[in-house]
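Have a look at the structure below, then the notes.
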2 protein chains.
Amino acid sequence: MLKKKITLKHIARELEVSISTVSKALKNSEEISRETKEKIQAFAKLYNYKPNNIAISLKNKRTKNIGVVIPDIVHHFFTTVVRGVEKYANTKGYNVIVCLSDESFDKEVINMELLANGSIDGFIMSLSSGTQKENDYNHLKEVTEQGIPLVLFDRITNEVECDKVIIDDAMGAYLATKKLIEQGRKRIGLITTHDYLSVSKARTTGYQKALKEFGVSEQQDLILKMPSMEMDGQLIENFIKNSKVDAILTVNEIFSIYGMQVAQDLGLKIPDDISFIGFTDGLLSKYANPSLTSIAQHGERMGEISAEMLIQKIESEEEEETYQTKILEPTLIERNSTIN
Amino acid sequence: MLKKKITLKHIARELEVSISTVSKALKNSEEISRETKEKIQAFAKLYNYKPNNIAISLKNKRTKNIGVVIPDIVHHFFTTVVRGVEKYANTKGYNVIVCLSDESFDKEVINMELLANGSIDGFIMSLSSGTQKENDYNHLKEVTEQGIPLVLFDRITNEVECDKVIIDDAMGAYLATKKLIEQGRKRIGLITTHDYLSVSKARTTGYQKALKEFGVSEQQDLILKMPSMEMDGQLIENFIKNSKVDAILTVNEIFSIYGMQVAQDLGLKIPDDISFIGFTDGLLSKYANPSLTSIAQHGERMGEISAEMLIQKIESEEEEETYQTKILEPTLIERNSTIN
DNA sequence: TATCAACACGAAATCGTTTTCGAAAGCTGG
DNA sequence: CCAGCTTTCGAAAACGATTTCGTGTTGATA
């Protein structure tokens with residue numbers, strides 16, 4: 001009952017012509033007579049012939065696959081980026097191979113080496129925290145040295161020369177902080193992660209810039225650096241209790257959501273007593289109670305742009321040695337965790 | 001500056017041996033003298049030789065890729081499944097190609113045909129709503145007839161013979177409804193989607209079974225069928241206003257989250273005046289305010305099992321014509337949207 | 001009738017591997 | 001000294017497609 005895939009060779013044997021003739025006939029080559037072409041095309045359609053992708057890849061040295069390497073997929077932002085990449089890639093006939101580094105340097109290296117051996121035509125990736133911590137980018141450099149195009153997004157590094165797509169994280173934090181200041185907030189806290197994450201660092205910068213610009217004295221104790229990507233409720237609780245902040249900016253959604261719960265449990269009214277703004281405008285921001293004012297990172301757009309840049313590089317013949325960094329503007333989405 | 005990938009041919013030429021000798025030497029074949037092997041292996045290591053995946057795929061007729069086709073990736077449940085698949089697949093040396101059907105029949109067909117031409121060794125998929133609506137599964141049948149293993153998860157169909165992994169949706173709804181009845185709820189509503197979605201149908205069945213079993217008279221007007229997968233706030237609002245329910249079970253998170261907001265806006269107290277239970281234990285359930293009691297679908301486990309079943313089929317030589325359906329037990333996670 | 005272009009097709013190389021089957025050497029033993 | 005064995009290696013086919021470069025046949029032309 002198995003209908004195995006048919007090949008050019010089968011058709012050739014059956015119709016008593018050569019393989020080359022079949023190949024040309026199916027491409028409607030002028031070389032082949034109308035008669036023969038019709039015969040071959042009819043036969044091919046009847047047996048539902050489809051060329052083998054692998055054979056074509058080997059011949060063309062083109063796989064029409066692009067590798068997307070991200071730290072985690074159960075993460076709204078990365079998910080939207082993947083969707084953006086997939087959408088654009090699909091319109092250009094590319095498939096997307098997703099690899100998860102799980103925030104681990106080793107896994108990132110292994111995955112990339114695996115894919116780099118012919119499986120993909122280019123990479124789109126966001127650095128794992130492990131890699132940013134180690135500060136070792138040799139696996140990326142090797143890939144680019146082999147002539148495999150690479151686009152870094154969001155979590156990037158200056159150590160590697162390649163195309164990059166980011167949002168202006170500093171500007172996002174600046175906008176948010178400015179908004180809070182304008183609403184009369186005096187003690188604005190920041191909950192972030194370690195500075196080795198490129199985005200956290202940029203956001204901290206933007207936050208400090210706004211404070212300085214508007215003459216709000218910056219106090220060191222208003223910045224909480226979470227030791228890991230995981231939530232630590234106790235730390236946030238202590239921070240809110242002890243720091244006497246009247247507004248908090250966080251580098252992701254979760255910290256804000258959790259912070260709001262803690263604040264409410266402490267009897268604080270949001271946004272009257274304390275305001276919150278979080279990065280990453282995901283589902284949580286939209287559906288939290290109160291809904292969370294947040295800084296949209298436009299993940300899907302970022303994915304589309306990354307894919308566009310990558311495919312452009314893949315398909316351009318010349319080895320252009322010019323790389324660009326696209327910086328998207330973040331958007332402040334106002335909801336009920338700040339004063340309207 | 002380009003260090004192009006080196007091939008067996010290059011090594012052979014450089015060392016003045018044949019390609020076959022190089023190939024064997026790198027596999028540590030007994031046929032080759034120790035001397036020659038050491039020379040070749042040293043050279044290969046020096047130039048960082050790695051075999052070309054595509055060539056090996058062509059030779060072995062094995063790609064070590066598995067295709068995952070899902071309706072949407074910006075959806076917590078599917079995302080967790082992908083992660084589960086990826087994790088297991090990775091341990092077995094497989095890569096994951098993710099394709100999004102976008103809930104469309106056509107895209108599902110196109111994507112599968114593309115991948116089926118040699119790009120992957122097997123499929124893991126969940127049906128798009130478009131496909132379930134059309135009730136046309138010829139693209140799946142073609143794939144299985146070609147001998148390509150297929151595992152369906154969550155949104156499945158009886159029309160296709162293949163391995164399947166689902167949770168006991170009826171049981172999940174039954175457990176939830178039972179819990180609500182035990183807590184003294186009298187008018188328990190259900191917000192679902194159309195019955196052509198296999199899971200919605202099963203959940204409705206479980207809901208009705210519990211009502212019947214505990215002698216709660218079922219009223220037709222307590223079931224709200226949403227016309228699409230999208231949220232329609234007005235419908236939910238009207239439903240809560242008019243139906244006088246004191247508990248609501250929904251087939252996803254969003255409907256519950258939104259329902260809770262509407263209820264609170266109407267001045268109802270959760271869970272005192274009205275309880276909520278939703279399917280899919282995702283981030284929203286955990287971080288909603290109040291947090292949402294929900295039925296965990298164990299997506300990651302589902303992905304792992306799917307991958308395990310698929311890879312087992314891929315790697316087993318015999319054409320076993322026996323298929324199994326694994327049914328996972330859902331778990332009720334109690335939170336603050338129901339009485340403790 | 002010899003020449004040449006146009007037409008229709010096939011042989012063979014190629015992509016990078018793996019693997020089967022020989023086939024040269026060198027060695028042993030009778 | 002030679003049959004026969006081991007050791008060590010290479011030629012070639014194969015996976016499935018594309019493409020270059022023939023080559024044989026026809027018909028038209030000088």
Side-chain angles (χ1 to χ4, degrees), chain A residues 4-41 43-44 47-65 114-121 146-148, chain B residues 4-41 43-44 47-65 114-121 146-148:
Chain A
K4 275 291 174 193
K5 282 254 169 240
I6 197 175
T7 71
L8 289 186
K9 194 193 281 189
H10 295 136
I11 302 183
R13 236 202 294 276
E14 209 65 27
L15 264 40
E16 294 179 308
V17 291
S18 77
I19 294 180
S20 2
T21 303
V22 178
S23 174
K24 291 168 189 166
L26 293 179
K27 297 191 115 53
N28 237 320
S29 159
E30 291 302 325
E31 269 185 79
I32 310 297
S33 72
R34 206 169 54 82
E35 236 186 346
T36 314
K37 277 197 288 195
E38 281 174 358
K39 187 177 62 176
I40 293 178
Q41 287 170 1
F43 189 92
Y47 286 93
N48 192 30
Y49 169 80
K50 294 277 168 52
N52 180 300
N53 292 334
I54 299 292
I56 293 181
S57 292
L58 181 59
K59 187 97 235 295
N60 299 347
K61 292 162 157 263
R62 281 285 182 84
T63 62
K64 283 276 186 177
N65 286 153
L114 204 75
L115 291 183
N117 296 130
S119 298
I120 50 93
D121 296 338
Q146 284 171 24
I148 302 178
Chain B
K4 275 289 173 194
K5 281 256 169 239
I6 196 175
T7 71
L8 290 185
K9 194 191 281 188
H10 295 136
I11 303 183
R13 234 201 295 273
E14 210 65 28
L15 263 41
E16 292 179 309
V17 291
S18 77
I19 294 180
S20 3
T21 303
V22 178
S23 175
K24 290 169 189 166
L26 293 178
K27 299 191 114 52
N28 236 321
S29 159
E30 290 301 325
E31 268 183 79
I32 310 298
S33 72
R34 204 169 54 82
E35 232 185 349
T36 315
K37 278 197 287 194
E38 282 173 358
K39 186 178 62 176
I40 293 178
Q41 287 169 0
F43 189 91
Y47 286 93
N48 191 30
Y49 169 79
K50 294 277 166 53
N52 180 299
N53 292 333
I54 299 292
I56 292 182
S57 292
L58 181 58
K59 189 96 235 295
N60 298 347
K61 292 164 157 262
R62 281 285 182 83
T63 62
K64 284 276 189 177
N65 285 153
L114 204 75
L115 291 183
N117 296 130
S119 300
I120 50 93
D121 296 338
Q146 284 172 23
I148 302 178

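Naming convention: chains lettered A, B, ... in sequence-line order (proteins, then strands); numbering from 1 in each chain. These numbers were taken from a predicted model, which means no experiment stands behind them.
- Closest-nucleotide positions on DNA chain D for S20(A) and T21(B) were compared, and the one nearer the 5' end corresponds to T21(B).
- Contact annotation for K61(A): backbone-only contact, meaning every heavy-atom pair under 4.0 Å involves sugar-phosphate atoms and none involves a base.
- Summarising the geometry, the separation between NE2 on H10(B) and P on dC15(C) is reported as 8 Å, rounded to the nearest angstrom.
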Go through it in stages, so that I can follow the logic: the residues are K24(B) and L26(B), the test is side chain to side chain contact (heavy atoms under 4.5 Å, CB included), and I'd like the CA-CA distance, side-chain angles, deciding distance and then a yes or no. CA-CA 5 Å; K24(B) 290 169 189 166; L26(B) 293 178; over 6 Å; no

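- Under 3.5 Å, the side chain of K59(B) and the base of dT17(C) form no donor-acceptor pair of N or O atoms.
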Applying side chain to side chain contact (heavy atoms under 4.5 Å, CB included), run through L15(B) and T21(B) and close with a yes or a no. CA-CA 10 Å; L15(B) 263 41; T21(B) 303; over 6 Å; no

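- Rounded to whole angstrom, the span from the CD atom of E30(A) across to the P atom of dA6(C) amounts to 14 Å.
- Nucleic acid contact for S57(A): none, since no nucleic acid atom lies under 4.0 Å from a heavy atom of the residue.
- Nucleotide dT19(C) holds its P atom 13 Å from the CZ atom of R62(B), rounded to whole Å.
- Counting non-hydrogen atoms under 4.0 angstrom, S33(A) reaches the backbone sugars and phosphates but no base.
- Ion pairing between a basic and an acidic side chain is recognised when a charged N comes within 4.0 Å of a carboxylate O; R34(B) and E38(B) show such pairing.
- Within the 4.0 Å cut-off from OP1 or OP2 of dA17(D), at least one side-chain nitrogen or oxygen of Y49(A) is found.
- K24(A) comes within 4.0 angstrom of a nucleotide base, judged by non-hydrogen atoms across all strands.
- Taking atom CG of residue N28(B) and atom P of nucleotide dT8(D), one finds them 13 Å apart after rounding to whole Å.
- Following rounding to the nearest Å, E31(B) (CD) and dT8(D) (P) show an atom-to-atom distance of 10 Å.
- Pairing each heavy atom of A25(B) with each of I40(B), the nearest pair is CB-CD1, 3.6 Å.
- Regarding I19(A), its CD1 atom lies at a distance of 11 Å from the C1' atom of dC15(D), rounded to whole Å.
- For L8(A) and dC15(D), the CG to C1' distance is 13 Å, given to the nearest whole Å.
- Rounded to an integer number of Å, the gap from NZ of K5(A) to P of dG16(D) is 12 Å.
- Checking the phosphate oxygens (OP1, OP2) of dT18(D), a side-chain nitrogen or oxygen of K27(A) falls inside 4.0 Å.
- Counting non-hydrogen atoms under 4.0 angstrom, T7(A) reaches the backbone sugars and phosphates but no base.
- Scanning both residues, N117(B) and P51(A), for their nearest heavy atoms gives CB-O, 3.6 Å.
- In this structure, S23(A) reaches the dT18(D) phosphate: one of its side-chain N or O atoms is under 4.0 Å from OP1 or OP2.
- Close to dT8(D), at under 4.0 Å from its OP1 or OP2, lies no side-chain N or O of T36(B).
- Closest to the side chain of L58(A), out of dG16(D), dT17(C), dA11(D), is dG16(D).
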